[in-house]
**Q** 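The structure is given below, and queries will be raised subsequently.
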There are 2 protein chains.
Amino acid sequence: MSDSTPATIEDVARIAEVSIATVSRAIHNPEKVAKSTRLKVNQAIAITGYTTNAMARSLRLGRSNMILVVAPDIGDPNFSSILVGLENEARSHGYGVLIGHTQNDAQRALEYLKFLNSNQAAGLILFTGILPFGHDTMTARLPPSVGIFEPVFNGGIPYVGVDDMEGARKVVDLLIAEGHRKIAFIGDSRTRLAYKRRRAGYDAGLDAAGVPAELRLVQEGDGTLESGRAAVERLFVRDTLPTAFMCVNDQTALGVMIGLKARGYDIPGDFSVTGFDDVPQATFMTPALTTIRQPRTSIGKHAMALLLDLLSSRQPAETEILLRPDLVVRNSVSVPSARWLAR
Amino acid sequence: MSDSTPATIEDVARIAEVSIATVSRAIHNPEKVAKSTRLKVNQAIAITGYTTNAMARSLRLGRSNMILVVAPDIGDPNFSSILVGLENEARSHGYGVLIGHTQNDAQRALEYLKFLNSNQAAGLILFTGILPFGHDTMTARLPPSVGIFEPVFNGGIPYVGVDDMEGARKVVDLLIAEGHRKIAFIGDSRTRLAYKRRRAGYDAGLDAAGVPAELRLVQEGDGTLESGRAAVERLFVRDTLPTAFMCVNDQTALGVMIGLKARGYDIPGDFSVTGFDDVPQATFMTPALTTIRQPRTSIGKHAMALLLDLLSSRQPAETEILLRPDLVVRNSVSVPSARWLAR
DNA sequence: GCACATGATGTAAACCTTTACATCGAGAGT
DNA sequence: ACTCTCGATGTAAAGGTTTACATCATGTGC
């Protein structure tokens with residue numbers, strides 16, 4: 001009972017006076033065993049404190065009950081809320097969550113590949129920004145996988161993300177409603193899918209409002225705080241100033257705010273600024289940033305649910321799930337300053 | 001070669017023209033096999049792309065290569081940097097990191113216990129704030145474990161944390177150096193170890209500076225933002241105002257700042273405020289918060305290293321590792337306002 | 001040349017499950 | 001009463017590894 005080694009299925013079988021096969025069935029296919037037997041088995045389980053040895057089970061079944069989650073950086077504060085969604089969903093289906101991060105290092109990525117090859121994970125969750133492993137021969141060996149935020153391998157792997165275009169649209173619409181017409185878009189790299197989609201939302205909103213192309217100021221960068229600040233400088237030098245800065249993400253927005261404040265301007269008095277993502281710091285910026293919230297926990301939950309589907313049915317399933325992002329209005333937007341309108 | 005099912009040790013043995021035992025030895029005890037044989041085996045491994053099936057290995061060995069990390073809330077942004085340290089250290093020793101969070105829910109805690117019992121984890125990392133499982137019978141079955149931040153089971157489990165007393169001491173010393181004497185300590189629960197230790201640092205610093213007991217204002221709360229704000233109100237009502245607020249953590253400090261600002265005061269002009277922990281938001285508060293940085297990644301690294309030690313040697317090892325915390329000076333502290341000194 | 005130690009390798013059991021297949025008994029249909 | 005069907009249970013193989021023990025060859029000391 002309080003043995004040093006954990007009870008095995010044989011211990012249970014002996015006590016319940018049945019064969020080990022019956023015990024196994026009583027646990028995993030209860031409908032296949034007579035009610036009275038089931039009862040005896042359950043009692044024996046209670047007595048011994050038996051739990052199925054997951055290693056043996058996985059070995060026999062040829063698949064584990066672990067899902068590997070690989071991100072470029074698990075230290076990213078945005079990662080953790082997604083992880084919550086992933087973990088909850090996995091756990092409630094009897095799966096465990098294994099985590100790893102590549103730090104964009106090929107060597108590390110390789111180690112994870114080995115992990116997968118050694119059968120330790122039944123499925124894989126891939127975060128954006130990783131070209132995980134060689135992409136070539138390896139692909140064939142990848143277990144069922146789901147991407148987060150962006151498609152992987154050109155859509156070969158289904159993914160869960162957010163409707164960037166709709167989010168961007170909500171932002172422009174707010175800006176337009178406040179009276180802005182000359183709105184700059186501060187983006188990151190033109191090659192990123194998120195950029196393209198958010199930009200598309202920006203254009204669509206401006207089209208709808210009848211804002212002509214010459215009022216659309218688009219800057220590119222690399223998505224960092226610094227690149228936001230730099231964009232402001234460029235705009236000032238060229239003396240083509242918008243009344244609002246719509247940024248591709250919160251980092252960039254913070255950079256823009258810092259650049260603007262360094263030049264002595266007030267936000268949102270002189271300029272309105274918006275972000276995208278709603279990072280945890282957004283509330284604490286001064287002014288608090290108006291931005292688009294990524295439903296992170298929900299993304300995690302949906303991604304894991306999708307993966308679990310894949311695992312059980314092998315159906316192709318949906319190849320893209322886009323969640324609806326919400327606008328969160330804080331204090332970085334107001335009506336355009338009279339100062340600029342006058343010009 | 002590019003088979004559908006992964007290569008097994010038998011495939012390797014056949015190609016290398018040796019027995020499977022030799023292959024196993026060549027991999028895990030290379031010194032026990034002749035150089036020439038080792039070479040043949042390595043070639044065969046390269047040809048087949050063989051990786052040891054971790055399930056089978058764990059089953060045979062009776063222990064897995066996973067470490068379970070359980071926290072009350074993995075969504076906590078402070079958690080992620082610790083995780084980085086944990087993961088890096090584990091990975092570089094061939095271990096994987098499994099995560100789970102209890103959300104302070106007994107039901108969930110129990111599920112993790114089952115996980116452990118089913119041999120899926122060789123070791124356990126426990127975060128503060130969890131009474132993990134029944135604490136009674138279960139304790140016996142727990143694998144080697146290490147706590148983070150605080151001891152678990154009254155020191156039955158070694159832990160790694162931060163030297164709270166030293167950290168607090170650094171804060172008081174700074175405040176004293178700036179000229180403050182009437183310094184309030186805004187704590188959380190008196191029962192928490194961190195409270196006791198930080199409080200001890202506060203007292204020690206004040207003793208050293210010769211500040212009499214009647215100038216020491218101590219408030220208690222629950223460590224939330226709201227409780228910080230409430231403490232300010234109480235102090236104002238009683239009209240016993242300090243010139244500086246030393247808070248037990250950053251949340252409380254933020255609450256204090258909000259309370260002070262609501263009453264129209266300037267920080268640090270009228271009052272100085274300090275925190276403890278250096279949460280990611282601390283930089284973004286206005287003013288940016290002067291606080292104590294928890295060396296989080298390092299804590300994770302040390303905790304995992306300690307656990308790995310435990311796993312291999314079974315030695316009792318050290319029962320407590322305290323890391324040195326650093327003071328990070330930002331903008332929430334200055335000299336005491338003349339306004340109050342006058343009184 | 002013989003007994004023996006030594007080092008390299010092979011054989012087979014064990015780790016704990018799950019499940020295809022075999023067996024058994026009982027009730028149904030004739 | 002005989003056969004058939006069907007539901008409940010048992011038997012045994014298989015999954016991939018590690019390792020105690022056995023075996024074998026080679027070289028050493030006498």
Side-chain angles (χ1 to χ4, degrees), chain A residues 3-42 44-45 48-66 94 114-122, chain B residues 3-42 44-45 48-65 94 114-120 122:
Chain A
D3 220 330
S4 66
T5 68
T8 76
I9 201 172
E10 291 210 55
D11 299 326
V12 178
R14 200 175 323 113
I15 296 187
E17 297 177 302
V18 295
S19 75
I20 59 170
T22 302
V23 175
S24 178
R25 277 189 288 254
I27 296 173
H28 303 287
N29 297 87
E31 75 282 2
K32 287 196 178 175
V33 18
K35 209 169 182 178
S36 58
T37 317
R38 211 154 56 208
L39 210 74
K40 281 194 298 179
V41 171
N42 286 338
I45 289 179
T48 53
Y50 171 77
T51 24
T52 306
N53 179 317
M55 294 311 161
R57 176 159 222 257
S58 297
L59 174 59
R60 181 63 237 249
L61 260 34
R63 95 189 113 81
S64 83
N65 59 150
M66 299 280 145
K114 255 173 131 175
F115 227 75
L116 288 169
N117 264 33
S118 65
N119 271 324
Q120 300 205 60
Chain B
D3 220 331
S4 66
T5 69
T8 76
I9 200 172
E10 291 210 55
D11 299 326
V12 177
R14 199 175 324 112
I15 296 187
E17 297 176 302
V18 295
S19 76
I20 60 169
T22 301
V23 175
S24 178
R25 277 189 289 255
I27 296 173
H28 302 287
N29 297 86
E31 74 282 2
K32 287 196 177 174
V33 18
K35 208 168 181 181
S36 58
T37 318
R38 211 155 55 209
L39 211 73
K40 280 193 298 178
V41 171
N42 285 338
I45 290 180
T48 54
Y50 171 76
T51 24
T52 306
N53 180 318
M55 293 311 160
R57 176 158 221 258
S58 298
L59 173 59
R60 180 62 236 250
L61 259 34
R63 95 190 112 81
S64 82
N65 60 150
K114 257 173 128 174
F115 229 74
L116 288 169
N117 264 33
S118 63
N119 271 325
Q120 301 205 59

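Per chain, numbering begins at 1; letters A, B, ... match sequence-line order. These numbers come from a predicted model, not from an experiment.
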**Q** Just by distance, do the side chain of B:Ser58 and the backbone of B:Met55 share a donor-acceptor pair under 3.5 Å?
**A** no

**Q** Of the nucleotides C:dA8, D:dT17, C:dT17, which one has an atom closest to the side chain of A:Arg60?
**A** C:dT17

**Q** Return the nearest nucleotide to the side chain of B:Thr52; candidates are C:dT19, D:dT17, C:dC16.
**A** D:dT17

**Q** Closer to the 5' end of DNA chain C via nearest nucleotide, is it A:Arg25 or A:Glu10?
**A** A:Glu10

**Q** On the side chain of A:Arg63, is there an atom forming a donor-acceptor pair with the base of D:dG15 - under 3.5 Å, no angle test?
**A** no

**Q** To the nearest angstrom, how far is A:Glu17 atom CD from D:dT9 atom P?
**A** 13 Å

**Q** Side chain of A:Val33 only, heavy atoms from C-beta on: which candidate in C:dT17, D:dT9, D:dT18 is closest?
**A** D:dT9

**Q** Working to the nearest 0.5 angstrom, can you tell me the gap between B:Lys114 NZ and A:Thr51 OG1?
**A** 8.0 Å

**Q** Can you measure B:Lys32 atom NZ to D:dC21 atom P for me and round it to whole angstrom units?
**A** 12 Å

**Q** Less than 4.0 angstrom between a side-chain N/O of A:Thr22 and OP1 or OP2 of D:dG10, yes or no?
**A** yes

**Q** Nearest to the side chain of A:Thr8 - C:dT17, D:dT18, C:dT18?
**A** C:dT17

**Q** Starting at atom CG of A:Asn65, determine the distance to atom P of C:dT18, rounded to an integer number of angstrom.
**A** 12 Å

**Q** Side chains of A:Val23 and A:Val18, heavy atoms from C-beta outward: is any pair under 4.5 Å?
**A** yes

**Q** Can you check whether any acceptor in the base of D:dG15 is under 3.5 Å from a donor in the side chain of A:Arg57, or vice versa?
**A** no

**Q** Could you check how far CG of B:Asn117 sits from P of C:dT17, rounded to whole Å?
**A** 12 Å

**Q** Mark yes or no for whether A:Ser118, through its side chain, and A:Phe115, through its backbone, hold a donor-acceptor pair below 3.5 Å.
**A** yes

**Q** Taking the nucleotide of DNA chain D with the nearest heavy atom to each, does B:Asn29 or B:Ala56 sit closer to the 5' end?
**A** B:Ala56

**Q** If you check every side-chain atom of B:Asn53, which of D:dG10, C:dT18, D:dG16 has the closest atom?
**A** D:dG16

**Q** Whether B:Ser19 contacts C:dT9 is assessed here as follows: a side-chain N or O lying under 4.0 Å from the phosphate OP1 or OP2. Is that the case?
**A** no

**Q** What is the separation between atom CE on B:Met55 and atom C1' on C:dT18, rounded to the nearest whole Å?
**A** 16 Å

**Q** Report the distance from atom NZ of A:Lys40 to atom C1' of D:dT9, rounded to the nearest whole Å.
**A** 10 Å

**Q** Which nucleotide in the set D:dT18, D:dT17, C:dT17 lies at the smallest distance from any side-chain heavy atom of B:His28?
**A** D:dT18

**Q** Return the value, rounded to whole Å, for the distance between atom CG of A:Asn119 and atom C1' of C:dT17.
**A** 15 Å

**Q** Quick one: CD1 on A:Ile9 to CG on A:Asn53, what's the gap to the nearest 0.5 Å?
**A** 10.5 Å

**Q** Mind checking if A:Thr37 touches a base, just sugar-phosphate, or nothing, with heavy atoms under 4.0 Å?
**A** sugar-phosphate

**Q** Tell me what A:Ala21 touches on the nucleic acid: a base, only sugar-phosphate, or nothing, going by heavy atoms under 4.0 Å.
**A** base

**Q** How long is the straight-line distance from CZ of B:Arg38 back to CD1 of B:Ile27, given to the nearest 0.5 Å?
**A** 12.5 Å

**Q** Separation of B:Leu59 atom CG from C:dT17 atom C1', in whole Å?
**A** 8 Å

**Q** Which part of the nucleic acid does A:Ile20 contact within heavy-atom distance under 4.0 Å: base, sugar-phosphate only, or nothing?
**A** base

